[in-house]
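Following: one structure in structure tokens, then a few remarks.
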Number of protein chains: 2
Amino acid sequence: MSITYREVKADILRQITQGTLAPGSAMPNEVDLAASYGCARATVNRAMRELADDGIIERRRKAGTRVRQNPIRQVRLNIPIVGQEIEELGATYRYALVHGQAEPAPNWLRARMALQRDDRVLHLTCMHYADGAPYQHEDRWINLSALPEAEQHDFSEVGPNEWLVSTVPFTDAQISFHAVQADATIADYLDCTEGDALFQTERTTWLEGRTITFVQLTYRRGHRVTMQY
Amino acid sequence: MSITYREVKADILRQITQGTLAPGSAMPNEVDLAASYGCARATVNRAMRELADDGIIERRRKAGTRVRQNPIRQVRLNIPIVGQEIEELGATYRYALVHGQAEPAPNWLRARMALQRDDRVLHLTCMHYADGAPYQHEDRWINLSALPEAEQHDFSEVGPNEWLVSTVPFTDAQISFHAVQADATIADYLDCTEGDALFQTERTTWLEGRTITFVQLTYRRGHRVTMQY
DNA sequence: TTACGCCTTATGTCTATATCTTTTGAAAAA
DNA sequence: TTTTTCAAAAGATATAGACATAAGGCGTAA
């Protein structure tokens, strides 16, 4: 077999990292590269397409391909559901429903979830434990107009996150990470001190333009999200 | 022209989201799909490959392709350098070097950066401002054994991050996000109250197995990292 | 029954060629 | 000079056919 697209990709990357192909410089076109590697143009194309996707090079029709001045640094971040996250740590997962009640949406939440004036929400408060110790506090609101079956569902055994991903998979979401100070309630749940700095994730989820759910996930003290690139 | 791989991808995705193809179910093989779409196998292959890459379907040689039971939720997170980040907010960026000194690596850092006993590091403390207000505090250590030219460089005008990405692009890195409480020093720099919960990023960067730099980036109060998927 | 190894099959990849689309730069028109 | 138009260039994508590779499953031998 002749040269593979992986080898072409690796060779081009090597030339870039070793400085043979300088940042900002133009690269030969696909036809010429294919000729010099002695392979088909499609093979070069795939290698170049992946490098562009990785943020290493920049491609423009007619203008050609050039090495990016500064490579785009990007990571892929998996968003696991908390049970899996805990079990991957090698710990035992336990879930508890703290509180669940259907109620009219408060104003701040109506704005946040883009709800109508009379929309009702299911407010759930849950705890997730790793090896018996508090791991994550979940404060969730589900839009009952968009997902009425949530009101009948029993969340005492299975967490709302798990139920939602199996009931409405393939949603869109916006996620945000930030830091919050533990208030007395959260400190109590997460077994930490009031005022502690905690890592919090907020997530709003849509299905076909309708807001399904908004959730605040507050992690135990010292939680980290790590990534490689 | 006949059907495109994008259309095939969109159609398969539609079937999955609409439930025609149930989660966990096996899909027809590429040859059959190509026949039913009236296109080449390569076209179907690209559509399916991208769906697999998106975490929607699962492919295994011989075993075939099936719809994932729970789609993998993943986001792509760009790691901008702080100047760009601030300018994208529409604010004016200003940089200041607070402190810079070459010194022997303290023990905790030696462990963290996997340094030898006698390795020296350049310790830099910098501030980044958006429209004149504190935005980010940078505490950085550069391994002088790996990057001796850093010692001669003047970091009073251009931040170490910018200098590093142009001097040693194409590095590997591990990033971590977490929350910290502002101590008196940080509170002073970031113009917040001691004890405030702040978002912090830590990053260790390698080049060919050697640790280049370790940095702690502490953001102003209320900083958020947001993503879509 | 169990373990090993072959056969088949589905995906993975390459080739060679062709057409489509976007974009740039130059020529032509105002 | 400025604007419009157009052709060429380069990447984007499609096709048909071929071979490569991994792995499930079955048959055979221990």
Side-chain angles (χ1 to χ4, degrees), chain A residues 1-16 20-69 71-72 74 76, chain B residues 1-16 20-69 71-72 74 76:
Chain A
M1 167 73 70
S2 113
I3 198 169
T4 70
Y5 83 92
R6 287 168 189 278
E7 290 169 316
V8 173
K9 183 179 174 183
D11 185 72
I12 294 174
L13 195 55
R14 187 188 52 73
Q15 290 191 47
I16 293 175
T20 314
L21 284 167
S25 67
M27 298 178 53
N29 68 34
E30 293 188 351
V31 176
D32 294 349
L33 276 175
S36 73
Y37 282 114
C39 67
R41 201 185 129 203
T43 306
V44 171
N45 180 273
R46 179 147 182 205
M48 303 270 273
R49 192 150 38 78
E50 290 200 358
L51 286 168
D53 201 52
D54 293 344
I56 308 289
I57 63 177
E58 221 177 340
R59 318 195 77 193
R60 264 171 38 241
R61 283 175 162 147
K62 162 72 180 171
T65 301
R66 50 184 58 243
V67 182
R68 277 202 125 91
Q69 197 63 50
I72 292 184
Q74 49 189 359
R76 229 183 223 209
Chain B
M1 169 78 65
S2 117
I3 197 169
T4 70
Y5 84 91
R6 287 167 190 279
E7 291 170 316
V8 173
K9 183 179 174 182
D11 185 71
I12 294 173
L13 194 55
R14 189 188 51 74
Q15 290 190 49
I16 293 175
T20 314
L21 283 167
S25 66
M27 297 177 54
N29 69 35
E30 292 188 352
V31 175
D32 293 349
L33 276 175
S36 74
Y37 283 114
C39 67
R41 202 193 123 202
T43 306
V44 170
N45 179 273
R46 177 145 181 207
M48 303 268 275
R49 192 149 38 79
E50 290 200 359
L51 286 167
D53 201 52
D54 294 344
I56 308 291
I57 63 176
E58 223 176 340
R59 320 194 75 192
R60 264 175 32 242
R61 279 174 168 163
K62 161 70 184 173
T65 303
R66 51 185 57 242
V67 183
R68 278 204 124 90
Q69 196 64 49
I72 292 184
Q74 51 189 0
R76 228 184 225 209

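Values below: all heavy atoms of this structure, side chains included; hydrogens, waters and symmetry mates excluded. Residue numbers begin at 1 in each chain, while the letters A, B, ... track the order of the sequences. Note that the coordinates shown come from a computational prediction; the quantities given were computed from them, not determined experimentally.
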I need the B:Asp32 CG to B:Met27 CE distance, nearest 0.5 Å. 11.5 Å
Do you know which two heavy atoms are closest between B:Ile3 and B:Thr43, and how far apart they sit? O-CG2, 4.2 Å
By side-chain contact (heavy atoms from CB on, under 4.5 Å) - contacts of A:Arg61 (at least two apart): none
Proximity to DNA chain D (any heavy atom under 4.0 Å), residues of residues 27-41 of chain B only: B:Cys39, B:Ala40, B:Arg41
Dump the pairs, protein N or O against N or O of nucleotides 25-28 of chain D, anything under 3.5 Å, distances to one decimal.
none

Could you pull out all residues at least two apart from B:Thr20 that satisfy side-chain contact (heavy atoms from CB on, under 4.5 Å)? B:Gln15, B:Gln18
Given B:Pro23, which of B:Arg66, B:Arg68, B:Gln69 fulfils the side-chain contact (heavy atoms from CB on, under 4.5 Å) condition? B:Gln69
Verify the contact: side-chain N or O of B:Asn45 to OP1 or OP2 of C:dG12, cut-off strictly under 4.0 Å; return yes or no. yes
Counterpart residues, salt bridge (Lys or Arg N to Asp or Glu O under 4.0 Å), relative to B:Glu30 (two or more places apart): B:Arg41, B:Arg59
Between residues 49-60 of chain B and DNA chain D, which residues have a heavy-atom gap below 4.0 Å? B:Arg60
Partners meeting salt bridge (Lys or Arg N to Asp or Glu O under 4.0 Å) with B:Asp11 (sequence neighbours left out): B:Arg14
Indicate every side-chain donor-acceptor pair of residues 50-57 of chain B with a distance under 3.5 Å to a residue at least two apart or in another chain.
| residue | atom | partner | partner atom | Å |
| --- | --- | --- | --- | --- |
| B:Glu50 | OE1 | B:Lys9 | NZ | 3.0 |
| B:Asp53 | OD2 | A:Arg76 | NH2 | 3.0 |
| B:Asp54 | OD2 | B:Lys9 | NZ | 3.1 |

In whole Å, I'd like the distance from the CZ atom of A:Arg66 to the C1' atom of C:dT24. 13 Å
Any idea which of C:dT22, D:dA14, C:dT13 is nearest the A:Arg6 side chain? C:dT13
When you check the phosphate oxygens OP1 and OP2 of D:dT15, does a side-chain N or O of B:Thr43 lie under 4.0 Å from one of them? yes
Rounded to the nearest 0.5 Å, what separation is found between the CZ atom of B:Arg49 and the OH atom of B:Tyr5? 9.5 Å
Taken to the nearest whole Å, CD/A:Glu7 to P/C:dT13 is 12 Å
Is any side-chain N or O of A:Arg61 under 3.5 Å from a base N or O of C:dT22, one able to act as donor and the other as acceptor? no
Does C:dA10 have OP1 or OP2 sitting under 4.0 Å from an N or O in the side chain of B:Thr65? no
Under the side-chain contact (heavy atoms from CB on, under 4.5 Å) test, which residues partner B:Arg60, sequence neighbours left out? B:Ala63
Can you work out whether A:Arg46 or B:Ala63 has the more 5'-proximal nearest nucleotide on DNA chain C? B:Ala63
Rounded to the nearest 0.5 Å, what's the gap from CG on A:Leu33 to OG1 on A:Thr65? Could you check? 8.0 Å
